[in-house]
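Reviewing the structure listed below.
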Amino acid sequence: MTGPVVVLGDTLLDRDVEGLVNRLCPDSPVPVLDETTSVDRPGGAGLAAVFAAAQGAEVALVTAVADDAGGARLGTLLAAAGVQLYALPLTGATPEKIRLRVRGRVLLRHDRGGAAGVPGEPGEAVLRLLATASAVLVSDYGRGVAGQRALCAALAATRSPVVWDPHPRGPAPVPGVHLATPNEPEARELAKTPPGGSRLATASRSAQALRRRWQAGAVAVTLGGDGALLCHAGSTPLVVPAPAAEGDTCGAGDRFAAAATLALARGALVSEAVQEAVTEASAYVAGGGVAAALPAPPRTVAAPAVLTAGGERIGAGAAGAVVTRVRAAGGTVVATGGCFDLLHAGHVATLQAARQLGDCLIVCLNSDAGVAGLKGPERPVVPQGDRSRLLTALGCVDAVLIFDEPTPHAVLSWLRPDIWVKGGDYASGGGAETLPESEILARWGGHTVIVPYLDGRSTTDMIAAARLGRGGWPSGAATAGTAREAVVRSTAKGAR
């Protein structure tokens, strides 16, 4: 592979809620599910991207992400899976599919998010990405990304192999794709194949009709547990049987398409790619499906409650609302990040300078767990709830978003700020191009800048002064409460 594998399409937030049913609802004859566990994961194109990344490939996902808590969660999950997110703006809400399950069986599926929103235009970085990909998988879930005109033009122009996993509500594949992978019902519906004849004959007629209509190199119709039927040049199809497998089939189509794309990226023939995809999808189902195939997702940080009016502006929902409002007015979104433990004048100077660069300022705040990982077990002195409240009390801060990861890359991919601000010293000779966030911002045309900070202001120095003022810590690790108490007492004594 000479470039990343690119997955392009609609991403959803999938949630599996597992529970027990031991009674009926007293006011309606329906079962009551007592929830025991809940697991979030990327769905749609996001799931296909995670599958590809799990095989060790460098994977970039081009998808539309909404400015809401669901979009933020997707950013976190994708980053944890090693997927590079190239997010397009998305009007409306993040689509969610929630499966209520009992003993591994689906009791009910609950979809929310409303009608599909309109995906925004891709930036130059996305178009360059498609031009340099080793292979492209279009994972269409009928919500608009695959039909975006600029993306379709880039797909038609690329020389890389393109696999197109179509949807009945989506557009036709661009002419010349290497492989299209509809499942059996999709192929019949898309080809308008009349009933009659054997199953294989119907699948073959559908595939041949679609291959001619789409000007595709090949069409592989997936047949569930019976494998796949591949139609390419010539009139005789190739039937690829599947090993016997029973289990949860959710995501098997995404696993098939991802495996075929990876094989083509490595230089395999289309027939070889389909055979490998059938083997991978069958092993996936037999191995326990999506629950067993994906690593445990990162936990959700328990952020303070977000008040919708006249109160705190904390959390993904609050940050998303601010960003949506500013973008709708054509404004500039500015973001910065850090621990902000023991808020001091240097912090305030940086935040004020950042706010002057745009029309809102979102602060990405390291969670307590994140601060401890960066600074050591004695930090933070001030817990995340208090730190976030202090920040939102400043007139220059519009919202605070708490994140748990070691870097802000996941939240940046979701927020897509126009400007990312770091506090620094111009005299050091450093530049924005040296910051690791610069590559992330370039995906959507954003910029990273450095603003000066006030010399002599340091949280570490403040803590050291507090310790000296008290005569040193007692033996053993100090608790956050002890640290806060020391700071208060030292400040009262006039510690510097």
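What you see is a predicted model, and the numbers here were worked out from it, not measured in a lab.
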Pair D165, S139: side-chain N/O donor-acceptor within cut-off below 3.5 Å: no
Is the closest side-chain heavy-atom distance between [X] and [Y] below 4.5 Å?
{"X": "V65", "Y": "R416", "value": "yes"}
{"X": "D140", "Y": "P166", "value": "no"}
{"X": "V333", "Y": "D359", "value": "no"}
{"X": "V7", "Y": "V59", "value": "yes"}
{"X": "L107", "Y": "P31", "value": "yes"}
{"X": "V126", "Y": "L151", "value": "yes"}
{"X": "V136", "Y": "W164", "value": "no"}
{"X": "D111", "Y": "P95", "value": "no"}

Side chain [X], main chain [Y], donor-acceptor under 3.5 Å:
{"X": "T158", "Y": "A154", "result": "no"}
{"X": "S204", "Y": "L200", "result": "no"}
{"X": "Q384", "Y": "D368", "result": "yes"}
{"X": "S160", "Y": "A133", "result": "yes"}
{"X": "S413", "Y": "G75", "result": "no"}
{"X": "D418", "Y": "T332", "result": "no"}
{"X": "E186", "Y": "N183", "result": "yes"}
{"X": "T336", "Y": "V363", "result": "no"}
{"X": "T222", "Y": "A228", "result": "no"}
{"X": "T94", "Y": "G71", "result": "yes"}

CD (E124) with more than 12 external heavy atoms under 6.0 Å: no
With rounding to the nearest 0.5 Å, note down the distance linking [atom1] in [X] to [atom2] in [Y].
{"X": "I440", "Y": "T448", "atom1": "CD1", "atom2": "OG1", "result": "9.5 Å"}
{"X": "L357", "Y": "H447", "atom1": "CG", "atom2": "NE2", "result": "12.0 Å"}
{"X": "T236", "Y": "H232", "atom1": "OG1", "atom2": "NE2", "result": "9.5 Å"}
{"X": "L210", "Y": "Q215", "atom1": "CG", "atom2": "CD", "result": "13.0 Å"}
{"X": "T91", "Y": "R327", "atom1": "OG1", "atom2": "CZ", "result": "12.5 Å"}
{"X": "E184", "Y": "E189", "atom1": "CD", "atom2": "CD", "result": "13.0 Å"}

Derivation of the side-chain hydrogen bond (donor to acceptor under 3.5 Å, both in side chains) call for S206 and T193: CA-CA 6 Å; S206 301; T193 304; 2.6 Å; yes
Quick one: closest heavy-atom pair of [X] and [Y], and the distance?
{"X": "W420", "Y": "C364", "result": "CZ3-SG, 4.1 Å"}
{"X": "V322", "Y": "A399", "result": "CG2-CB, 4.2 Å"}
{"X": "P42", "Y": "D14", "result": "O-OD2, 4.5 Å"}
{"X": "L238", "Y": "S271", "result": "CD2-CB, 3.9 Å"}
{"X": "T181", "Y": "A257", "result": "OG1-CB, 4.2 Å"}
{"X": "D254", "Y": "G44", "result": "OD1-O, 3.8 Å"}

Of R109, K97, R41, the residue whose pairing with D16 passes salt bridge (charged side-chain N to carboxylate O under 4.0 Å, His left out): R41
Trace of the salt bridge (charged side-chain N to carboxylate O under 4.0 Å, His left out) decision for D226 with R199: CA-CA 11 Å; D226 291 327; R199 182 185 186 191; 2.2 Å; yes
Charged N-O contact under 4.0 Å between E272 and R266: no
Salt-bridge present (D398, R313; N to O < 4.0 Å):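 A salt bridge is absent here (no side-chain N lies under 4.0 Å from a carboxylate O).
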Intermediate values then yes/no, side chain to side chain contact (heavy atoms under 4.5 Å, CB included), D34 and V21: CA-CA 6 Å; D34 289 320; V21 173; over 6 Å; no
Candidate pair C250 and R99, rule side chain to side chain contact (heavy atoms under 4.5 Å, CB included), full reasoning: CA-CA 11 Å; C250 178; R99 298 195 304 168; 3.3 Å; yes
CA sep, side-chain torsions, deciding dist, call: D40, R73, salt bridge (charged side-chain N to carboxylate O under 4.0 Å, His left out): CA-CA 8 Å; D40 295 345; R73 181 63 173 155; 3.1 Å; yes
Ring center gap for Y284 and F256 short of 6.0 angstrom: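 No, too far apart.
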Partner of L179 under side-chain contact (heavy atoms from CB on, under 4.5 Å), chosen from L137, V162, L230: L230
Working for side chain to side chain contact (heavy atoms under 4.5 Å, CB included), residues L8 and L130: CA-CA 9 Å; L8 182 153; L130 292 171; 4.2 Å; yes
Test side-chain hydrogen bond (donor to acceptor under 3.5 Å, both in side chains) applied to Q55 and E280, step by step: CA-CA 11 Å; Q55 300 302 308; E280 285 285 335; 4.6 Å; no
Side chain to side chain contact (heavy atoms under 4.5 Å, CB included) between V32 and L24, worked out: CA-CA 5 Å; V32 175; L24 295 177; 5.8 Å; no
